[in-house]
Amino acid sequence: MKIITWNVNSINVRQVHLEEILKDVKPAIIGLQELKCETASFPFDAVKALGYHAIASGQKAYNGVALISEVEPKDIDVNLPNFEDDQQRLIAATIGDCRVINVYVPNGQKVGSEKYEYKLRWLSAFHDYLKDTLEKYENVVVMGDFNIVPKDEDVYAPELWRGKILCSDQERTAFNDMLSLGFVDALRIFATQDPMFTWWDYRQGQFEKDEGMRIDHFLLSKNISSRMMRSEVLREVRAKERPSDHAPVAIYLKD
DNA sequence: ATGGTAGAGTGTCTA
């Protein structure tokens, strides 16, 4: 069983790449972030035509998340129940025997800024939501764009980025606090490539130079992590014409 | 140094 997370940076522009992934890779579940469209504009029909269910929560121009799955999603959550927010950043559902949570964590822009404070508040509420989820469900898969580089080995120039946005101690602490609830950082434990970068800035040819970061993650509850076989960053999708700045990331679980 | 590229939507904002 394959599960994919992918920040599409506009579903409108990336719909063709999405359809190729659904046809060629055939994941059981795929979580999308940064739809950048209102919910009604999500390509539900195209996804259904390929045999998948889809749920989405979008807004004009920014943010937006979706879950696509072979099995019908049930008990759907949109947004954090414990954090009032106009920004569409979370969608969760029960798919088969898994509770699946797909997130687009705030970027934070600059350490110390208002957006950074919002990011830390959002992460705190997300932490509490994950704690509740682990109490209710045995098999939990959390995936998405966390906008956090967990360790120095996850960024191309750690000395340049030390203390900066995506790499600050407060962000890394928030990430580790989530792991401490009882999750495994699946890509780090079951890495098959080195480095495991998932995002490369469009500017200055950073993908060609492999100047990237690992900011897209899978957190698996201990129970489901025992089914994990391997993970893979789909770099060939980042290398396509008119790509997202993120590569899709796949994990493979025993059925 | 406050760039640089892309996407949304049309003057900037966000990443």
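A, B, ... follow the sequence lines: proteins, then strands. Residue 1 opens every chain.
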Looking at [options], which one has an atom nearest to any side-chain atom of [X]?
{"X": "A/Tyr202", "options": "B/dG3, B/dT14, B/dA6", "value": "B/dA6"}
{"X": "A/Tyr62", "options": "B/dC13, B/dA8, B/dG4", "value": "B/dC13"}
{"X": "A/Gln204", "options": "B/dG3, B/dA15, B/dA8", "value": "B/dG3"}
{"X": "A/Glu34", "options": "B/dT5, B/dA8, B/dA15", "value": "B/dA15"}

To the nearest Å, give me how far apart [atom1] ([X]) and [atom2] ([N]) are.
{"X": "A/Ile215", "N": "B/dA15", "atom1": "CD1", "atom2": "P", "value": "12 Å"}
{"X": "A/Glu208", "N": "B/dT5", "atom1": "CD", "atom2": "C1'", "value": "12 Å"}
{"X": "A/Asp245", "N": "B/dG4", "atom1": "CG", "atom2": "C1'", "value": "14 Å"}
{"X": "A/Lys110", "N": "B/dA1", "atom1": "NZ", "atom2": "C1'", "value": "13 Å"}
{"X": "A/Gln59", "N": "B/dT14", "atom1": "CD", "atom2": "P", "value": "12 Å"}
{"X": "A/Tyr104", "N": "B/dG7", "atom1": "OH", "atom2": "C1'", "value": "12 Å"}
{"X": "A/Arg203", "N": "B/dA1", "atom1": "CZ", "atom2": "C1'", "value": "14 Å"}
{"X": "A/Trp200", "N": "B/dG4", "atom1": "CH2", "atom2": "C1'", "value": "19 Å"}

Distance test, side-chain N/O of A/Lys60 to OP1/OP2 of B/dA8, below 4.0 Å: no
A/Arg242 side-chain N/O to B/dG7 phosphate OP1/OP2 under 4.0 Å: yes
ring-ring contact (aromatic ring centres under 6.0 Å, His included) pairs, two or more places apart, involving residues 36-71 of chain A: A/Phe42-A/Phe44
Rounded [atom1] spacing from [N] to [M] in Å:
{"N": "B/dA6", "M": "B/dT10", "atom1": "C1'", "result": "16 Å"}
{"N": "B/dA1", "M": "B/dT12", "atom1": "C1'", "result": "23 Å"}
{"N": "B/dT2", "M": "B/dA15", "atom1": "P", "result": "22 Å"}

Flag the pair [X] and [Y] as a salt bridge only when some basic side-chain nitrogen lies within less than 4.0 angstrom of an acidic carboxylate oxygen.
{"X": "A/Lys131", "Y": "A/Glu135", "result": "yes"}
{"X": "A/Arg227", "Y": "A/Asp97", "result": "yes"}
{"X": "A/Arg99", "Y": "A/Asp75", "result": "no"}

Most 5' of A/Asn9 and A/Gln87 on DNA chain B, judged by nearest nucleotide: A/Asn9
First of A/Ile11 and A/Gly108 reached from the 5' end of DNA chain B, by closest nucleotide: A/Ile11
Sugar-phosphate, base or nothing in reach of A/Phe207, heavy atoms under 4.0 Å: nothing
Any pair counted as salt bridge (Lys or Arg N to Asp or Glu O under 4.0 Å), so long as it reaches residues 191-210 of chain A, sequence neighbours left out: A/Asp201-A/Arg203, A/Lys209-A/Glu211, A/Asp210-A/Arg235
